[in-house]
Amino acid sequence: MIVSPSLLSANFGNLANDIKMINDSEANWLHLDVMDGVFVPNISFGFPVIKYIQQLSTKPLDVHLMIIEPDKFTNEVRDCGAEYMTVHYEACKHLNRTIQHIKEAGMKAGVSLNPATPVCMLDDIINEVDLILLMSVNPGFGGQKFIPGTLSKVKQLRSLIERTGSKAIIEVDGGVNDITGVELARAGADALVAGNYVFKSPDPIKAIAKLHAI
Ligand code: DX5
Ligand code: ZN
């Protein structure tokens with residue numbers, strides 16, 4: 001299983017320490033949640049902070065933009081060294097164009113769906129994207145409870161990918177732990193984001209290893 005620890009649950013007073021822990025772990029990516037207080041009812045961190053994180057991280061950056069009009073910031077995200085730039089379906093007026101811009105900027109393109117957005121909304125872009133991020137909580141906060149209906153969305157998405165020959169990776173974000181992680185893997189997920197499960201664990205390296213072994 002691909003594991004992408006979410007830095008949202010890290011100690012913002014000592015990010016260098018938590019980034020080093022992730023570097024030393026079996027994590028595959030580093031998940032960074034950018035929030036604008038408009039698309040979601042919270043604000044996290046922005047590009048000057050991510051630039052600093054990039055200097056310290058040895059893991060590819062998996063940047064999840066919970067912001068309106070994410071297209072405006074494609075170059076900033078690229079300049080932060082992001083591997084994946086993921087935008088919300090609900091935040092883009094011209095999603096196909098946004099995906100093209102992300103790819104033209106040299107990044108892999110991800111699209112995220114809120115829990116209330118059905119998988120069929122991806123029908124016409126599934127062959128254009130590198131990653132689909134299914135939200136298993138309403139975005140904006142760490143530490144929320146996993147929404148069980150996500151499991152059937154993962155299955156639907158897996159069958160859409162098989163039917164269309166898409167190469168998209170299925171990533172799931174929110175309330176992921178060693179129990180929901182196993183269920184998600186069975187349903188067909190390729191990658192798991194985990195914030196609280198990793199950073200509130202007494203042994204974060206072990207928690208990452210446990211998810212990785214799924
Ligand atoms: C929530 C963010 C998540 C968050 C997950 O809006 O997108 O990445 O950090 O946190 P946990 O794993 O604690 O639910
Ligand atoms: Zn996220």
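Remember, it's a predicted structure, so these values are computed and weren't measured experimentally. Atoms within a ligand are numbered from 1 in the order they appear, just like the ligands themselves. No hydrogens, no waters, no symmetry mates; every other heavy atom, side chains included, goes into these values.
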* Main-chain N/O of Leu56 paired to Asn23 side chain as donor or acceptor, under 3.5 Å -> yes

* Structure fact -> When His64, Met135, Glu171 are each screened for side-chain contact (heavy atoms from CB on, under 4.5 Å) with Val193, the one that passes is Glu171

* To do: Could you list the residues that satisfy side-chain hydrogen bond (donor to acceptor under 3.5 Å, both in side chains) with Asn28, not counting sequence neighbours?
  => His212

* For the pair Glu69 and Lys72, find out whether any cationic side-chain nitrogen is under 4.0 Å from an anionic carboxylate oxygen. => yes

* To do: Just the protein N/O/S atoms under 2.8 Å from the Zn ion (ligand 2), please, no waters.
  => His31 NE2, Asp33 OD1, His64 ND1, Asp173 OD2

* To do: Kindly compute the distance separating OG (Ser166) from CD1 (Ile126), expressed to the nearest 0.5 Å.
  => 4.0 Å

* Over 12 foreign heavy atoms within 6.0 Å of NZ, Lys153 -> yes

* Structure fact -> Contacts of Phe146 meeting ring-ring contact (aromatic ring centres under 6.0 Å, His included) (sequence neighbours excluded), chain-then-number -> none

* Return the protein residues near ligand 1 (heavy atom under 4.0 Å from any of its atoms), ordered by chain and residue number. => Ser6, Leu8, His31, Asp33, His64, Met66, Met135, Pro139, Gly140, Phe141, Gly142, Gly143, Asp173, Gly174, Gly175, Val193, Ala194, Gly195, Asn196

* From CA spacing to verdict: side-chain contact (heavy atoms from CB on, under 4.5 Å), Leu15, Lys20 -> CA-CA 8 Å; Leu15 277 182; Lys20 187 183 178 305; over 6 Å; no

* Asked: For Ser6 and Asp173, what are the C-alpha separation, side-chain angles and deciding distance, and is it a side chain to side chain donor-acceptor pair (under 3.5 Å)?
  -> CA-CA 9 Å; Ser6 169; Asp173 186 3; 5.7 Å; no

